[in-house]
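Heavy-atom basis, side chains included; hydrogens, waters and symmetry copies ignored. Remember, it's 1-based here, ligands and their atoms both numbered in the order they're listed.
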Amino acid sequence: MTQETSQLELFPLLTEEQIAKKVQELGKRISEDYRGKELLVVGVLKGSFMFLSDLVRAIKVPLAINFIGASSYVGTKSSGYIRINHDLTTNIKDRHVLLVEDIVDTGETIDYLCDVFTLRGPASLKVCAFLSKPEVRDMSHRVDYVGFEIGKEFVVGYGLDFNEKYRELPYVAKVLKH
Ligand code: 5GP
């Protein structure tokens with residue numbers, strides 16, 4: 001099934017049901033791994049907002065939520081650098097930080113943020129990505145929890161955009177042409 005829009009042709013890749021099941025699995029694993037601890041969940045804006053809001057409801061340990069804004073892409077092409085455009089509003093020193101990313105592509109964004117966070121002295125730092133494109137990067141980039149591994153295709157929906165559109169879709173779709 002394809003869905004014609006005025007600009008893009010989209011092909012559904014992950015359904016709402018598949019996503020909901022995966023989020024529950026991740027929440028369970030994270031809750032077990034952090035049992036007895038308090039978490040600081042940090043969402044990378046804007047793409048992670050929908051995943052984060054579902055994920056935190058599936059995590060059963062006490063937690064706080066904060067956001068960091070980082071961008072590396074314009075359209076579907078990397079602009080070649082990462083920029084923090086909205087910093088955390090809380091101190092992460094001695095806290096158990098779980099960085100939540102929408103998608104790990106080359107891994108540059110997450111590497112950069114991990115370096116920045118490590119300098120701030122958290123008690124621990126782990127990364128949870130909703131999607132990962134393992135073919136694109138060398139596997140030295142660390143991602144502790146991954147929802148789904150996908151191919152090289154550009155995807156939208158469930159928080160992910162194409163020039164700020166399609167974030168609101170409750171499922172993930174592959175962009176067929178643009
Ligand atoms: P990386 O630094 O890992 O190469 O890129 C990560 C960022 O690139 C993500 O947070 C996301 O904003 C963007 N990105 C990478 N692949 C895709 C994709 O398939 N769709 C969308 N919408 N954004 C992507």
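- Residue Thr109 approaches ligand 1 through these ligand atoms, each under 4.0 Å from one of its heavy atoms: 1 (P), 2 (O), 5 (O), 6 (C).
- Checking each of Val100, Leu98, Val127 against Tyr145 for a side chain to side chain contact (heavy atoms under 4.5 Å, CB included) leaves exactly one that passes, namely Leu98.
- In this structure, Arg29 contributes its side chain and Glu25 its backbone to no donor-acceptor pair below 3.5 Å.
- Annotation: side chain of Leu52 is in contact with side chain of Phe67 (closest heavy-atom distance under 4.5 Å).
- The shortest N or O to N or O distance between Val156 and ligand 1 is not under 3.5 Å.
- Ligand-side atoms of ligand 1 in range of Lys133: 16 (N), 17 (C), 18 (C), 19 (O), range being under 4.0 angstrom from any heavy atom.
- The aromatic rings of Tyr158 and Phe130 sit tilted relative to each other, their planes meeting at an angle between 30° and 60°.
- Using a 4.0 angstrom heavy-atom cutoff, Phe154 counts as in contact with ligand 1.
- Using a 4.0 Å cutoff on heavy atoms, Gly47 does not count as a contact of ligand 1.
- Using a distance-only test at 3.5 Å, with no hydrogens or angles considered, a donor-acceptor pair links the side chain of Lys133 to the main chain of Glu153.
- Inclusion of Val155 in the set of residues having an N or O under 3.5 Å from an N or O of ligand 1 is warranted.
- Annotation for ligand 1: atoms under 4.0 Å from non-hydrogen atoms of Glu153 are 19 (O).
- With a 4.0 Å heavy-atom cut-off, ligand 1 is reached by the side chain of Glu101 but not by its N, CA, C or O.
- Assignment of Asp161 to the shell around ligand 1 is supported, since a heavy atom sits closer than 4.0 Å.
- Here Lys28 pairs with Glu32 in a salt bridge; the nearest charged N to carboxylate O distance falls below 4.0 Å.
- Of all the heavy atoms of Asp102, the ones lying under 4.0 Å from any atom of ligand 1 belong exclusively to the side chain.
- For the side-chain hydrogen bond (donor to acceptor under 3.5 Å, both in side chains) test with Asn66, the passing option among Asn91, Thr89, Thr90 is Thr89; the others fail.
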